[in-house]
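One-based numbering, in listed order, for ligands and for the atoms of each.
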Amino acid sequence: MRYSQMLIRTAKEVPAEAEVISHQLLLRAGCIRKLTSGLYTYLPLGLAALKKMEAIVREEMNRAGAQELLMPMVQPADLWEESGRWTQYGPELLRFQDRHNRDYCLGPTHEEVITDIARRELHSYRQLPVNLYQIQTKFRDEIRPRFGLMRGREFLMKDAYSFDVSDEAASQSYQTMHNAYTRIFQRCGLEFRAVEADSGSIGGSFSHEFMVLAETGEDTLVTCRECEYAANVEKAKVVLPDTASKTVPATELNDCTKVETPGTKTVDRVAEFLQVTAKDVIKTMIYLADDEPVAVLVRGDREVQSVKLKKLLDANEVELAENDTAWKLTKLPVGYIGPVNIPIKMVADQEVMTMINAVAGANEKGHHLTGVNPGRDFSPAAVGDLRQITEMDCCPVCKGSLELTEGIEVGHIFKLGTKYSEAMHAVYQDQEGKEQTMVMGCYGIGISRVVAAAIEQNHDENGIIFPLPLAPFQVIILNLGIKNDETCAATEKLYQDLRGAGLDVLLDDRDERPGSKFKDADLIGIPYRITVGKTWEKEGKVEVRTRRDGSTSLLAYEQAASTIATMVQDELAALNQ
Ligand code: ATP
Ligand code: MG
């Protein structure tokens, strides 16, 4: 491609609306443009990166034996009613009616449609296993679309679905996808981890997320320093120390006593006032679980993990209530709420049940209770692992020490079991001619999110540093002698030779100052830059510069094309082992 003919408009200024670096750089490099909240146009440069990712995904899915198909984006409500998700899915599902008042939605995911295909097309054990995938636009009416391509409302996803004869066979299909995903992200040249994950609204028994490591990631993952354990904090199991289970003689339990604690609305204030530590205080928070208020108890120095809470309550949505809402719904004095005689549903983190002679709100303004003992003084409706794991906790597998890292979820694989096949009657005949339910798995990759994640992980103050496999162009040639016919001819030949060797090349043939050519090449992040200028005129040499580390070397013009082609091919081959 010739730069002069390509729609690339770069910008120096950091766009005000863009908070994270990938969003800023994608806009500045002219890769995307915003249409409206959560909706973006992929301009040619951005689309080229997206296509690179698509190609890697397609190759590896095909290699793993999956078959590509393409399902409609618009889906009829009846299918979602069959699976039970029409009412369950919540406001992320964009619902609408056609001219005949029939209900539809825009596909946020395609379990229903694919299960419908499976029940129509697959009838015998001989046809299984099958893995079907598509690369297609999804729509989710995200509550907070943000960070550009990282959390759009419309985005590009690869979604795959496997159908098997048994749970055991489904585990094998799952493992095949786990391996394929590992290859995919390795081939992208990204630093990533696969972690145990919560299976969320998709459902199913267990799942893994693939996380690109980046400080700006919205997810936190916990990894063990001693063993292989890695999990999303939403899922990471907190194990109580052995000492927590010992029983305390009743004589050591104090009476529950109301004390005046004016102006102590926070855990720290009340702890200070009563000369105890946050560890001695029971923190009572009001959450809304599907709009119903629920009191959630954790130790004063702990944080509630809302995904764990959602699971324990079996709710579709949970959200911490604003102070006003909490007051309106419960008439309880925020800051002084506690578990004893609380008039609303209450659940507790397991650790709270091991506390002795604790301090808790008295449900009366300016008052707390001391000598609060779980079991004796209050009994939650449910107790479970509800809090966020920390680096102070130990590994649930080997008790080793833990490390917390930020990551961006780029892929998610689920073992679904028979959730959808049972609800929608996707069955096959086994060897004995008996009807059996198919066992399913589903597997997603956020293609557009990967491009953003790659930039979050790979950039510097001058712009994007595309990993070679995802770069819209592998090489950019800068013609710095645009007025010199010989230089133009030389760059033209180099351009054709590199293209002939199968490389994706951008030729900067614009009549611009060298300074702005260098700046743009850096900003758009092309991995290899070849400069044809004064050194070529004087010595017949071109300069090759690597975007990632800025290292440069001079190559004789005649050898340049073949040397660079080899460099590019070697780098790709190393990732494609
Ligand atoms: P998240 O927790 O980030 O909302 P999710 O668990 O809802 O993700 P899945 O349903 O597993 O996501 O979808 C599969 C993949 O699609 C995700 O791993 C992610 O890469 C991508 N994805 C999901 N939501 C978005 C979005 N709003 N914008 C861009 N990509 C997305
Ligand atoms: Mg989501």
Which of these, F210, F155, F139, F147, has its nearest heavy atom closest to atom 26 (C) of ligand 1? F155

Using the ring of W80 (Phe, Tyr or Trp, six-membered ring only), decide whether R95 places NZ or CZ under 6.0 Å from its centre and within 45 degrees of its axis. no

Counting each atom of ligand 1 from 1 as listed, which ones have a heavy atom of V410 under 4.0 Å away? 18 (O), 20 (O)

Tell me whether the rings of F185 and Y181 are parallel (<30°), tilted (30 to 60°) or perpendicular (>60°). perpendicular

Looking only at heavy atoms of S448, does any of them come nearer than 4.0 Å to an atom of ligand 1? no

Atoms of ligand 1 under 4.0 Å from any heavy atom of R151, numbered from 1 in the order shown, are 1 (P), 3 (O), 4 (O), 26 (C), 27 (N), 28 (N)

E142 heavy atoms within 4.0 Å reach ligand 1 at atoms 24 (N), 26 (C), 27 (N)

Can a donor-acceptor pair be found between the side chains of Y133 and N62 at a distance below 3.5 Å? yes

If you measure from the Lys or Arg side-chain nitrogens to the Asp or Glu carboxylate oxygens, is any gap between R146 and E218 under 4.0 Å? yes

Looking at D98, I'd like to know if its CG atom is crowded, meaning that more than 12 non-hydrogen atoms belonging to other residues, nucleotides or ligands lie closer than 6.0 Å. yes

Exercise: identify the closest heavy-atom pair between P469 and K52: O-CB, 3.5 Å

Just by distance, no angles: are the side chains of D159 and Y161 close enough, under 3.5 Å, to form a donor-acceptor pair? yes

Heavy-atom contact under 4.0 Å between L156 and ligand 1? no

For atom 10 (O) of ligand 1, tell me which residue out of R146, R140, H412 has the closest non-hydrogen atom. R140

Output the list of atoms in ligand 1 that are nearer than 4.0 Å to some heavy atom of L149, sorted by atom number. 29 (C)

State if M150 counts as touching ligand 1 under the rule of any non-hydrogen atom under 4.0 Å. yes

